[in-house]
Amino acid sequence: MSAPIDGWDLTAEITRCGTCRADIVWASTTKGTPIPVEPASTPNGNLMLSTVAGVRLAAVVKGSRRDALAAAGVPLYLSHFVSCPQASQWRNR
């Protein structure tokens, strides 16, 4: 199960993927594009979630920054595009 992120309980905002029906939560990329996110944190995640002015943001973290965040216990997440069998239908819409 996921932990609250900046006071947001992800479990309270779970919805379903429009094609595979898996649980997801929505965030915005740093460019403002909506992105479906797996609701459970994972050790191999590469997205750090935060909130700014009530908007959930997903920022890609890589390399030593990602490793430092993981070591500090910051929950990291994966885009639902990683696991959705129909991801190609939704990308770049």
Side-chain angles (χ1 to χ4, degrees):
M1 213 33 98
S2 60
I5 302 299
D6 291 342
W8 292 50
D9 180 1
L10 297 183
T11 59
E13 297 191 26
I14 291 175
T15 187
R16 300 255 181 204
C17 172
T19 52
C20 76
R21 308 302 297 156
D23 289 348
I24 61 169
V25 293
W26 286 99
S28 292
T29 66
T30 54
K31 294 182 179 181
T33 305
I35 184 170
V37 177
E38 298 288 330
S41 62
T42 179
N44 62 334
N46 70 337
L47 295 175
M48 181 179 71
L49 300 184
S50 61
T51 58
V52 176
V55 176
R56 182 178 298 114
L57 297 177
V60 175
V61 290
K62 300 178 189 177
S64 61
R65 181 167 184 231
R66 185 227 164 285
D67 295 342
L69 290 167
V74 174
L76 298 174
Y77 297 84
L78 286 173
S79 166
H80 179 60
F81 290 133
V82 172
S83 64
C84 183
Q86 289 87 25
S88 63
Q89 294 177 19
W90 295 101
R91 287 185 189 267
N92 300 319
R93 280 187 128 191

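Just so you know, residue 1 is the first one in the sequence shown, and it goes up from there. Worth saying up front: this structure is predicted, and the values here are computed from it rather than measured.
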For this session: Supply the atom-to-atom distance D23 CG to H80 NE2, rounded to the nearest 0.5 angstrom.
Result: 9.5 Å
For this session: Only one of V60, L47, V37, I24 passes side-chain contact (heavy atoms from CB on, under 4.5 Å) with S79; say which it is.
Result: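 When side-chain contact (heavy atoms from CB on, under 4.5 Å) is applied between S79 and each of V60, L47, V37, I24, only L47 qualifies.
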For this session: Answer yes if W26 and V82 sit in the same cluster of Ile, Leu, Val, Met, Phe, Trp and Tyr residues linked by side chain heavy atoms under 4.5 Å apart, and no otherwise.
Result: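 No.
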Exercise. Nearest heavy-atom pair of V61 and L69: which atoms, and what distance?
Worked result: CG1-CD1, 3.8 Å
Problem set entry | Chi angles and distances behind the side-chain contact (heavy atoms from CB on, under 4.5 Å) call for T30, L57 | CA-CA 7 Å; T30 54; L57 297 177; 5.6 Å; no
Exercise. Where the side chain of R16 meets the backbone of R21, is there a donor-acceptor pair that is under 3.5 Å apart?
Worked result: yes
Exercise. Hey, is the main chain of G45 close enough, under 3.5 Å, to the side chain of R66 for a donor-acceptor pair?
Worked result: yes
For this session: Quick one: closest heavy-atom pair of Y77 and E38, and the distance?
Result: CD2-O, 3.5 Å
